[in-house]
Amino acid sequence: MIKEIIHAHLVTSLDKLGISHAKEFSVEVPNITEYGDYSSNCAMILAKENKKAPKALAEIIVKEIKKNKDYKKVSVAGPGFINFQLAPAFFQRIFWEIHKAGADYATSDFGQGEKVLIEFISANPTGPLNIVNARAAAFGDTLYRVMQKTGYKPAREFYINDAGNQVDILAESLELRLRELHGEKIGEFPYEAYHGDYVKHLAQKLNANEGVRVFMMTEKDRMEHLKEFALNEILEMQRLSLERFDVIFDGWVSEKTLRSEGVVEEVLSYLTEADCTYEKDDAIWFASTKYGDDKDRVLMKSDGSITYFVPDLAYHLTKIQRGFSTLIDIFGPDHHGYVPRIKAAFKALGYDDKMLEIIFLQQVNLFESGERVKMSKRAGKIVTMDDLINEVGKDAARYFFIARKASAHLNFDLELALKQNNENPVYYCQYAHARICSIIKKAKKDKVWPKTFKKELLVKLNKPEELSIIQKLSDLPELLTLIAIYREPHRLTTYLEELSAMVHKYYARYQIVSSKSKTLSQARLMLLYTVKNVMAIVFELMGISAPEKM
RNA sequence: GCCCCUGUAGCUCAGGGGAUAGAGCAGCGGUUUCCUAAACCGUUGGUCGGAAGUUCGAUUCUUCCCAGGGGCGCCA
């Protein structure tokens, strides 16, 4: 918010001086504090169009800008940077706005109510959610929360692949485990089947409920029955894992339901009408190469069954029909080959493929005692999302998952996440919040805490550390819009760590609640109280708790 | 062979067309009659994977090369 104010000051001054400013220039926080609080490259950017040397131009601008009392010092440096040092009163004015905003601080209408559908996880309902799913959950949910805060109208959806042949395999695996339970020799468990222990648990549960009745059904009825039972159980299991992670979906869309509604035939006919399908080898193909894919794709297999692609495309079309103008899919790293074909379908059907945005989360490697934990789904050797939550807790898990940008491979160190000490950034940030709460408690006990904070206290906030904290607080609204625009939730953790460090330093350097001066104590309490509120906003966006004491 | 991601301090990673490239941890040395030492202060450590190009200026953009990870089904 301060950057915008300075930028506006600059524009007004440029206009007054008759300096043209067609080219965009920026106002930034310089990386070296000695240069000032803010810095602009405008003189260097505008030098060419005004036919002046950057430094000379800067001098003219500075002379005009200096008339404004908001700045303590404005100077020209280096090749033509204009550096601003702000007057404490400027910071204090900004702080008062932040303080008054409370929990609504940084809420904006930036997104202008744009309807955005964020689809993530969409795991097969054939087993427990794994750690890559957990990463997607943390990433997608945090992105959702930030977009909501910044004025978009986002929705979270989970697409259930409950109609493919993996569900048949699941039912067969369950039947084998059931037979085993009844003492039948089943020999070696098939390679293709699901080996995880959860299938055994499902068999036990089904057996306890229904006993041998299952085997009195016809083969066909039994398979349907087993399928339905397993799907319901596993979906419920997945839903509970997500609930423990504080991830609530706005919608669960079933592929099976979609298929029963006839949308598959619809999509096939749309594609045929668009004249981009053909028959070959008894199968129906989509000529996706016409629209940039590297090979054509099968829509209907030679046995008459449909490929995964068709209902998934149908699902995406329903998103558009429901009024979403931006579709964000968060995928695992193994799906990138899928993008050209779905984008091709969008183009073939006359939609702008730019409305479909696909974010790839790179893989997660688990480390334990410095060793990489090998995982295999087939062999049932996976670390589940529940295991992870049990092991390190929701807060640490969510924090570590959003601390990396999507495109980075994530090394998850189980031991580090478990550590409740200074090696662990989650605790560093939570501790900063808890410390402020502790101070507030003491202030109340010592009767220093005021009913309301008076504006007159502001002038007491003039220490460099205090002004830096205010500056950091003022960065949040812009940060949130950047996170929303670039879909980069990981920036939240950097921000929180920087703010926490400032709090710890301030805490160590200054006595907050002091018997010497009540007004000074209250001024500092006002600052920390507001910092606490801002931290709580950020924790909430990350889905992490803000503890009052640790 | 083709496609995607990555390469920045001992480790895990931020950053980003500009002024002296950052953080946490690890290492070394300090701080507690005082609001939580899960903290703070000081310090060691980098030819930003390599080469060329664009630019007044490249660690950042482009191309090529090297290294690591992943993907290339009438699976989902």
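Letters A, B, ... mirror the listed sequences (proteins, then strands); counts begin at 1. This is a predicted model, so every value here is computed, not measured.
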For atom CG of A/Leu313 and atom P of B/A76, their distance in whole Å: 15 Å

Spacing of the P atoms in B/G15 and B/U6 (rounded, Å): 11 Å

Sugar-phosphate only, base, or nothing, as touched by A/Ser39 at under 4.0 Å among non-hydrogen atoms: base

Phosphate-side-chain proximity, A/Lys301 and B/C75, N/O vs OP1/OP2 below 4.0 Å: yes

Sugar-phosphate, base or nothing in reach of A/Ala403, heavy atoms under 4.0 Å: nothing

Between B/G73 (P) and A/Ile306 (CD1): distance, integer Å: 20 Å

RNA chain B: 5'-proximal contact among A/Val298 and A/Met44 (nearest heavy atom): A/Met44

A/Tyr308, nearest nucleotide to its side chain (from B/A14, B/A76, B/C40): B/A76

Aro-ring/base stack A/Phe81-B/G18, d under 5.5 Å, angle under 30°: no

Parallel, tilted or perpendicular: rings of A/Trp449 and A/Phe453 (30°, 60°): perpendicular

Gap between atoms NZ and P, on A/Lys405 and B/U8 respectively (whole Å): 11 Å

Gap between atoms CZ and C1', on A/Phe400 and B/A14 respectively (whole Å): 15 Å

A/Pro333 side chain, from C-beta outward: closest of B/A76, B/C34, B/G70: B/G70

For RNA chain B, stems built from three or more consecutive Watson-Crick or G-U wobble pairs below 3.5 Å: B:1-7 with B:66-72, B:10-13 with B:22-25, B:27-31 with B:39-43, B:49-53 with B:61-65

Audit row: A/Val29, A/Tyr38, side-chain contact (heavy atoms from CB on, under 4.5 Å) steps and yes/no: CA-CA 5 Å; A/Val29 178; A/Tyr38 291 88; 3.6 Å; yes

Distance between C1' atoms of B/A21 and B/A9 (Å, rounded): 11 Å

Pairing residues for A/Thr530 by the side chain to side chain donor-acceptor pair (under 3.5 Å) criterion, not counting sequence neighbours: A/His99

Minimum-distance nucleotide to A/His336 side chain [options: B/C4, B/A76, B/C13]: B/C4

Ring-ring centroid check A/Tyr291 A/Phe346, cutoff 6.0 Å: no

N-O pairing of A/Arg259 and A/Glu255 below 4.0 Å: yes

Which residues share a side chain to side chain donor-acceptor pair (under 3.5 Å) with A/Thr257, sequence neighbours left out: A/Ser254

Where A/Tyr194 and A/Phe189 come nearest, the two heavy atoms and their spacing: O-CE2, 3.2 Å

RNA chain B contacts made by residues 502-510 of chain A, counting heavy atoms under 4.0 Å: A/His504, A/Lys505, A/Tyr507, A/Ala508, A/Tyr510

Partner residues of A/Arg435 under the salt bridge (Lys or Arg N to Asp or Glu O under 4.0 Å) criterion, sequence neighbours left out: none

Residues in contact with RNA chain B, drawn from residues 487-501 of chain A - heavy-atom cutoff 4.0 Å: A/His490, A/Thr494

Given B/A76, B/U6, B/A38, the nucleotide with the shortest approach to the side chain of A/Tyr427: B/A38

A/Ser75-A/Asn83 side chain donor-acceptor pair, cut-off 3.5 Å: no

Inter-nucleotide C1' distance (B/C28, B/A67), Å rounded: 33 Å

Charged N-O contact under 4.0 Å between A/Lys319 and A/Glu157: no

Show me the donor-acceptor pairs, under 3.5 Å and distance only, between side chains in residues 331-344 of chain A and residues at least two apart or in other chains.
from     : atom 1 : to       : atom 2 : distance (Å)
A/Tyr338 : OH     : A/Asp312 : OD2    : 2.6
A/Lys343 : NZ     : A/Asp353 : O      : 3.1
A/Lys343 : NZ     : A/Leu356 : O      : 2.8

Side chain of A/Asn165 (C-beta onward), nearest among B/G71, B/G18, B/A76: B/A76

B/C13 phosphate, OP1 or OP2, under 4.0 Å from A/Asn411 side-chain N/O: yes

A/Ile512, nearest nucleotide to its side chain (from B/C74, B/U12, B/C35): B/C35

Length of the CG-C1' vector between A/Asn365 and B/C13, whole Å: 15 Å

d(CZ, A/Phe367; P, B/G69) in whole Å: 12 Å

Heavy-atom protein contacts under 4.0 Å, nucleotides 27-33 of chain B, coded B base, S sugar-phosphate only, - none: -------

Residue pair A/Ser40 / A/Ile6, side-chain heavy-atom distance below 4.5 Å: no

Distance below 4.0 Å between A/Tyr338 side-chain N/O and B/G70 OP1 or OP2: no

Given B/C35, B/C5, B/G18, the nucleotide with the shortest approach to the side chain of A/Ile439: B/C35

RNA chain B: 5'-proximal contact among A/Gln363 and A/Leu410 (nearest heavy atom): A/Leu410

Side chain to side chain donor-acceptor pair (under 3.5 Å) against A/Glu265, all qualifying residues, sequence neighbours excluded: none

Selection from B/C75, B/C34, B/U6 that lies nearest to any side-chain heavy atom of A/Gln511: B/C34

Check: A/Asp395/A/Gln430 side-chain N/O donor and acceptor closer than 3.5 Å: yes

Interatomic distance where CG belongs to A/Leu479 and P belongs to B/A14 [whole Å]: 15 Å

Minimum-distance nucleotide to A/Ser302 side chain [options: B/C74, B/A39, B/A19]: B/C74

Can you give the donor-acceptor pairs under 3.5 Å from side chains of residues 279-287 of chain A to other protein atoms, not counting sequence neighbours?
from     : atom 1 : to       : atom 2 : distance (Å)
A/Trp285 : NE1    : A/Lys280 : O      : 3.2

Pairing of A/Lys3 and A/Glu478 as salt bridge, 4.0 angstrom limit: yes

Distance, rounded to the nearest Å, where A/Met526 contributes CE and B/C35 contributes P: 24 Å

Between the protein and nucleotides 55-58 of chain B, list every N/O to N/O distance that falls short of 3.5 Å.
none

Nucleotide nearest A/Tyr35 (side chain, heavy atoms from C-beta), chosen from B/G68, B/A19, B/C34: B/A19

Plane angle bin for A/Phe25 and A/His7 - parallel if under 30°, tilted between 30 and 60°, otherwise perpendicular: parallel

Short side-chain N/O contact to B/A37 OP1/OP2 from A/Arg435, under 4.0 Å: yes

Contact residues, residues 284-296 of chain A to RNA chain B [heavy atom, < 4.0 Å]: A/Trp285, A/Lys295

Side chains of A/Lys442 and A/Asp446 in contact at under 4.5 Å (non-hydrogen atoms): yes

Pairwise distance CD(A/Gln362) to NE2(A/His409) - rounded to 0.5 angstrom: 4.0 Å

